[in-house]
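Structure, as structure tokens:
Along the sequence shown, the residues carry numbers beginning at 1.
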Amino acid sequence: MVDRGATPASGALPDDWPARPEPILVRNRVGTFDWDLISGRLHLDATALGILGMPPEEFRGRIGDLAGRVPRSDGARLDTLVARALKDGSESYGAYHRVRREDGSLHWAYTQGHIERDGAGRPCRILGLLRDADAELALADRPGESDGERRHQTTVVEAITAALAHARTVQDVIDFFKDVRAVEHLGSDLLVLGLIESGRIHLVAEGPSEHFIPGTRYTRIDDNFPMSEVIRTLTPRFIESREEFARCYPWLWEHIEDIGIASAAYLPLIAQAKPIGALGLLYREARGFSRQERNLFIALGSSLAQSIARAMLFDQEHDLAEGLQQSMLPRRIPDVPGAQIAVRYRSARLGRDIGGDWYDVIPLPGGRVGAVIGDVQGHDTHAAAVMGQLRIVLRAYATEGHAPATVMARASAFLHELDTDRFATCSYAEADLSTGVVQLVRAGHIDPLLRHTDGTSRRLPVAGGLPLGLSAEFGRLDYPVTSVELDAGETLLLFTDGLVEQPGSDLDEGVGQLSEVIVTGPEDLHELADRLCDMVTERVGEDDMAVLLLRRQGVPTRPGGRLQQHIAPADPEALSAARHMIRTAVRAWGARERSDEIELAADELATNALLHTDGAAVVTIRMLAGPERRLRVEVEDRSSALPRRREPGEMGVSGRGLLLVDRLADVWGVEPRGGGKSVWCEFVLGGE
């Protein structure tokens with residue numbers, strides 16, 4: 001009996017000679033696979049599973065089980081290679097690619113497949129090998145290759161991928177290839193990058209310096225150029241000598257011969273099985289390209305194509321988002337007499353660049369203007385759509401003449417009734433430019449800022465309510481009104497939180513930095529708006545930003561001052577806002593000693609109009625020019641029935657309104673106004 005553990009005698013063969021294929025494959029780290037294309041079943045032996053880092057218990061016999069084991073760019077390249085081999089009748093294919101082990105590390109492998117076909121020539125099965133290629137690609141003694149070349153071949157894909165990791169737009173990619181570092185990464189002497197635009201190839205980058213050849217900036221895909229050829233065939237083109245260059249592309253060689261190019265590698269850039277461009281790597285010395293180099297260049301082309309495709313998708317989404325956002329915002333800001341207005345919007349620098357920030361400027365009767373700034377929750381097309389609807393209803397409620405508190409309450413109810421789970425923050429300012437009185441309402445938004453004429457600024461504490469949508473949901477629709485006076489030359493700043501929010505810092509710190517910018521910023525309103533935008537230009541953030549600046553123009557004059565408030569029926573907030581407007585204006589105009597009388601008379605006139613006409617009323621208070629200071633209150637309605645003064649009797653509970661007006665005012669009267677009338681009263685004020 002032979003002892004198999006003993007050393008064979010000199011010249012004698014081992015008992016297991018010749019070895020079966022299985023142990024040979026195992027000891028050389030070569031796995032096998034059998035892929036039935038009809039059923040989709042895939043078999044991998046234990047060695048192949050080990051090379052892929054795939055636990056046997058997680059493999060269910062489907063190609064989809066390997067998702068994540070091969071990097072996406074390499075997987076896309078393999079898919080393209082196999083699809084082409086199946087389609088063009090090839091018997092086999094082979095490629096180097098990377099695999100990701102369970103610990104996340106990347107290793108090189110080589111896949112080779114033999115395609116079996118049925119009698120009709122249709123592919124039905126692939127029998128193949130999978131081997132570990134780390135040692136092969138890192139082999140130190142490959143003939144004809146320097147250490148630098150070997151390092152280049154094993155790291156070029158990773159280096160380029162890392163360099164393009166921060167490229168978000170196509171222009172970012174182009175700028176990278178125009179930089180001298182791109183040539184250093186790629187290890188070539190020159191490079192050219194062309195992208196397909198409208199059926200033509202646009203040469204978008206050359207490096208490290210421009211060597212423009214007339215007639216090559218835009219070329220056709222069917223031209224006799226290597227870049228055109230690789231796009232047509234989806235196959236790399238390797239040119240290894242000057243003679244080959246001159247023979248295959250005589251026109252191009254005639255124009256580049258003086259540059260000193262001797263060899264080149266042209267790589268198609270393929271994404272989603274479609275060509276998007278080509279990359280040319282040009283060398284001043286004639287060189288051959290080994291099989292390993294060619295496979296690495298193919299991997300490089302796949303990685304670059306994925307980066308460019310991602311950048312193209314980003315640009316497309318950005319254009320779509322920007323177009324949608326701009327269509328939701330006002331097309332132009334109206335000219336408002338007595339005011340200078342500047343608005344700006346900047347999209348987020350991360351994400352899909354679309355959100356719910358908006359601004360609006362609403363001209364109102366009586367020399368007033370409404371200014372709105374708001375932010376709908378979320379950063380997507382739904383947020384933009386909600387924003388567009390909310391902006392329209394806010395404008396509608398304001399132009400109908402509702403008081404600021406009513407405008408906000410109705411907008412909240414509207415948002416709550418929409419089929420959405422979004423809420424919105426908002427600030428609404430209604431300014432009378434003749435008097436400078438500004439009524440502010442805030443719904444969960446940031447307080448505005450006020451810039452004085454001397455350049456200093458301060459935060460305006462505005463009493464606020466819940467965000468729009470939430471206040472209606474919880475039945476808390478009360479929005480208090482805060483009134484401030486805006487002197488000529490002063491600027492009101494409304495903005496969204498994207499202007500002041502920064503990662504790692506609180507909101508107050510951001511508002512403080514904004515105040516510093518306002519103090520040191522330019523006097524010109526539009527230049528100041530641009531300066532505010534510069535605050536966020538260099539900052540990477542996930543929020544968009546809107547800002548609205550309103551500056552009152554002219555010089556302050558008390559005579560001729562005018563305020564107006566529309567009051568709808570059954571609108572107690574509007575009536576309260578009218579009282580507040582009158583009280584603020586009277587004190588601002590120096591008539592504090594008669595403020596109670598004026599407010600009571602105006603309230604009686606407004607209440608009388610609402611009770612007896614069943615329609616809306618318009619309350620106007622203004623200073624009259626003349627030798628004496630006189631203040632006039634007018635209440636206009638659409639009823640032609642004239643009011644009459646009557647004695648209510650001892651037990652009467654109504655009818656005293658005009659009696660009060662008669663006793664309180666110095667003079668009063670009624671004026672017909674077309675289809676309605678105006679009831680007015682005047683008060684003589686003391687000296688300055």
Give, for atom OG of Ser263 and atom CD of Glu285, the distance between the pair rounded to the nearest 0.5 Å.
8.5 Å
Where the side chain of Arg29 meets the backbone of Ala48, is there a donor-acceptor pair that is under 3.5 Å apart?
no
Applying salt bridge (Lys or Arg N to Asp or Glu O under 4.0 Å) to Asp34 and not counting sequence neighbours gives Arg125
Can you tell me if Arg217 uses its side chain to pair, donor with acceptor, with the backbone of Leu203 under 3.5 Å?
yes
Scan for side chain to side chain donor-acceptor pair (under 3.5 Å) pairs involving residues 40-60, sequence neighbours excluded, and state none if there are none.
Thr32-Asp45
Checking Leu37 now: which residues fulfil side-chain contact (heavy atoms from CB on, under 4.5 Å) with it, not counting sequence neighbours?
Trp35, Leu86, Pro123, Ile126
Would Arg344 and Asp530 satisfy side chain to side chain contact (heavy atoms under 4.5 Å, CB included), going step by step from the backbone distance to the final call?
CA-CA 8 Å; Arg344 294 292 186 274; Asp530 292 334; 2.8 Å; yes
Mark yes or no for whether Asp132, through its side chain, and Ala109, through its backbone, hold a donor-acceptor pair below 3.5 Å.
no
Does the ring center of Trp358 lie less than 6.0 Å from the ring center of Tyr345?
no
Closest contact, heavy atoms only, His97 versus Trp108
O-CE3, 3.3 Å
Specify the closest pair of heavy atoms between Val99 and Ile51, including all atoms of both residues, with the distance to one decimal.
CG2-O, 3.5 Å
Just jot down the salt bridge (Lys or Arg N to Asp or Glu O under 4.0 Å) partners of Asp223, sequence neighbours excluded, or say none.
Arg220
For His202, which residues count as a ring-ring contact (aromatic ring centres under 6.0 Å, His included) partner, sequence neighbours excluded?
Tyr218
Given Met545, which of Asp375, Leu532, Leu499 fulfils the side-chain contact (heavy atoms from CB on, under 4.5 Å) condition?
Leu499
What are the two closest non-hydrogen atoms of Pro268 and Tyr266, and how far apart are they?
CD-O, 4.1 Å
Sequence neighbours left out, what passes ring-ring contact (aromatic ring centres under 6.0 Å, His included) with Phe238? Give chain and number order.
Phe289
For the atom pair CG (Leu191) and CG (Leu193), what is the distance rounded to the nearest 0.5 Å?
7.5 Å
To the closest 0.5 Å, what do you measure between CG (Leu130) and CG (Leu25)?
11.5 Å
Could you tell me whether a side-chain N or O of Arg232 sits under 3.5 Å from a main-chain N or O of Ile221, the two making a donor and an acceptor?
yes
Kindly indicate, with the supporting measurements, whether the criterion side chain to side chain contact (heavy atoms under 4.5 Å, CB included) is fulfilled by Tyr96 and Ile298.
CA-CA 9 Å; Tyr96 288 91; Ile298 292 172; over 6 Å; no
Distance from Ile231 atom CD1 to Ile276 atom CD1, nearest 0.5 Å?
9.5 Å
Heavy-atom distance under 4.5 Å between the side chains of Lys274 and Ile196, does that happen here?
no
So, do Leu66 and Leu42 sit near enough that their side-chain heavy atoms are less than 4.5 Å apart?
yes
For Thr496 and Asp357, which I'm curious about, is there any donor-acceptor pair between the side chains at under 3.5 Å?
yes
Residues forming a ring-ring contact (aromatic ring centres under 6.0 Å, His included) with Tyr93, sequence neighbours excluded
none
Closest approach of Val30 to Arg131 (non-hydrogen atoms, all atoms of both residues)
CG2-CB, 3.8 Å
Name all residues meeting the ring-ring contact (aromatic ring centres under 6.0 Å, His included) criterion together with Phe245; count only those two or more places apart in sequence or in a different chain, and write none if there are none.
Trp253
Val192 vs Leu279, test: side chain to side chain contact (heavy atoms under 4.5 Å, CB included). Steps then yes/no.
CA-CA 6 Å; Val192 288; Leu279 175 69; over 6 Å; no
Of all heavy-atom pairs linking Leu78 and Ala95, the shortest is CD2-CB, 4.0 Å
Side chains of Leu234 and Pro275 in contact at under 4.5 Å (non-hydrogen atoms):
yes
Taking the side chain as every heavy atom from C-beta outward, state whether His107 and Arg100 have any atom pair closer than 4.5 Å.
no
Of all residues at least two apart in sequence or in a different chain, which pass the salt bridge (Lys or Arg N to Asp or Glu O under 4.0 Å) check with Glu197?
none
Is there a side chain to side chain contact (heavy atoms under 4.5 Å, CB included) between Tyr283 and Ile261 once you walk through the steps?
CA-CA 6 Å; Tyr283 302 89; Ile261 300 301; over 6 Å; no
Are the side chains of Leu52 and Leu44 in contact, using a 4.5 Å heavy-atom criterion?
yes
Leu549 side chain reached by Val343 side chain, heavy atoms, under 4.5 Å:
no
Do Glu229 and Tyr249 have side chains that approach each other closer than 4.5 Å (heavy atoms only, starting at C-beta)?
yes
Could you name each residue pair satisfying salt bridge (charged side-chain N to carboxylate O under 4.0 Å, His left out) that touches residues 79-91, not counting sequence neighbours?
none
Distance col, row Leu81:CG vs Thr111:OG1, nearest 0.5 angstrom, shows 9.5 Å
So how far is it from Asp222 CG to Ile201 CD1, rounded to the nearest 0.5 Å?
9.0 Å
Can you sort out the partners of Glu244 under side-chain contact (heavy atoms from CB on, under 4.5 Å), two or more places apart, ordered by chain and number?
Arg237, Ile239, Glu240, Ser241, Arg247, Cys248
Search all heavy atoms of Leu548 against all heavy atoms of Asp360 and return the closest pair with its distance.
CD1-O, 3.6 Å
Applied to residues 113-122, the side chain to side chain donor-acceptor pair (under 3.5 Å) test, sequence neighbours excluded, yields Asp118-Arg122
Can you check whether Asn224's main-chain N or O pairs, donor with acceptor, with Ser228's side chain at less than 3.5 Å?
no
Any donor and acceptor pair, going by atom type alone, linking the side chain of Arg422 with main-chain N or O of Gln377 inside 3.5 Å?
yes
Is there a side-chain contact between Val517 and Arg531, using heavy atoms and a 4.5 Å cut-off?
yes
